[in-house]
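Step one of this worksheet: look at the structure below.
We count ligands from 1, going down the list as the structure has it; atoms in each ligand are counted the same way.
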Amino acid sequence: MKASLDQVITRLREANRALVVGHIRPDGDAIGSVAALTLILRKLGIAAEGCIPDHIPWFYREIQGTRIIRSVAELRGKGFDTAVVLDASDISRIGEAAQLLPGREPDVVLDHHVTNTGFGALNLCLPNYAATAMIVHEIGKRLVPYDRELAEVILLGIATDTGFFKYATVDDRTFAVAAELARHGARIQPIASAVLEHRTPKTIRLLVDMFRTLRLEAGGKLAYAYVSAEMLRRAGCGEEETEGFVGEIRALHGVEVAILFTEWPEGEVHVSLRSKAYVDVSRIARALGGGGHPRAAGCTLHVPRLRDAIARVVEAARVALLE
Ligand SMILES: [Mn+2]
């Protein structure tokens with residue numbers, strides 16, 4: 001059922017051993033939100049564990065509070081009486097962490113994706129919030145005193161989900177919350193450095209390879225490129241090292257829709273969709289079995305060849321641009 005903030009807080013206070021879960025292919029909001037709610041619950045005396053059911057890109061660990069997060073394997077066998085899922089639009093997004101839930105459904109789901117399916121016992125989904133971390137902050141500020149570690153993981157979630165305060169989701173409230181967090185000691189510089197300035201020579205080479213595949217269509221409004229499994233192997237890069245690449249495509253002048261296709265492993269194509277001002281890419285992603293936000297969405301296609309995925313998604317984007 002749909003729940004209010006007060007109902008969620010009441011339920012969280014009843015927890016004794018809580019599991020806090022984020023989504024697969026985690027971003028800064030999933031990681032920051034999970035770390036923040038875990039810290040908040042521990043400050044309340046609840047035995048809480050934070051879990052990301054997937055590999056966490058190494059550079060996020062530079063933010064102190066994220067080190068609290070555990071893998072599914074590390075938490076197996078621990079009994080939980082409460083499960084909270086954060087920043088995931090449907091249950092498939094929590095991957096193997098579903099095996100850790102004490103019940104069939106999560107007790108609480110907190111999210112801001114318009115595509116959220118409401119898969120928890122209590123669901124609080126606020127699409128006008130720029131980040132799930134802002135919802136976690138609404139809870140935290142009512143319950144516990146803040147320190148730098150807590151404030152900084154919340155700022156991590158907000159900063160990454162707003163493209164460091166440059167997306168259309170940013171409003172006066174976003175800056176007001178950031179100011180509150182800064183007063184509690186949160187620093188934007190180490191977050192920006194960890195997230196935006198972690199390129200290595202091999203990821204730069206991969207980025208150059210990706211740009212060699214760039215195509216422009218629809219009078220330059222649609223731009224897309226790919227990273228194939230072969231390109232990843234040649235560069236010696238993992239799939240997560242394409243993080244931020246789609247933003248580089250969107251950065252082209254005049255582009256409205258940017259798409260990055262990442263093939264990994266063969267037969268599986270991850271599609272990242274971004275738009276600049278008006279195209280709702282969450283609709284394109286949802287029609288292909290994925291989800292997300294109006295300006296940032298994604299889906300995974302299982303197809304024999306990379307070019308099959310490209311043909312399908314590019315056609316859907318062309319149609320969306322004409323609407
Ligand atoms: Mn988010």
Original post:
In this structure, which one of Leu39, Ile191, Ile68, Leu181 forms a side-chain contact (heavy atoms from CB on, under 4.5 Å) with Val153?
Top reply: Leu39
Would you say [X] has an N, O or S atom lying under 2.8 Å from the Mn ion (ligand 1)?
{"X": "His112", "result": "yes"}
{"X": "Asp111", "result": "no"}
{"X": "Asp29", "result": "yes"}

Original post:
Salt bridge between Arg67 and Glu152, side-chain N to carboxylate O under 4.0 Å?
Top reply: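 Here Arg67 does not pair with Glu152 in a salt bridge, since their nearest N and O are not under 4.0 Å apart.
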Subject >> Asp87: its N/O/S atom lying closest to the Mn ion (ligand 1) (atom name) >> reply: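 The atom in question is OD1.
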**OP:** Kindly give the atom name of the N, O or S atom of Asp161 closest to the Mn ion (ligand 1).
**Re:** OD2
Original post:
Okay, side chain of Asp308, backbone of Val303: is any donor-acceptor separation there less than 3.5 Å?
Top reply: no
Original post:
Got a second to check how far Glu240's CD is from His270's NE2, nearest 0.5 Å?
Top reply: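 It comes to 11.5 Å.
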Subject >> Side-chain heavy-atom pair Arg42, Glu49 within 4.5 angstrom cut-off >> reply: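 Sidechains of Glu49 and Arg42: in contact.
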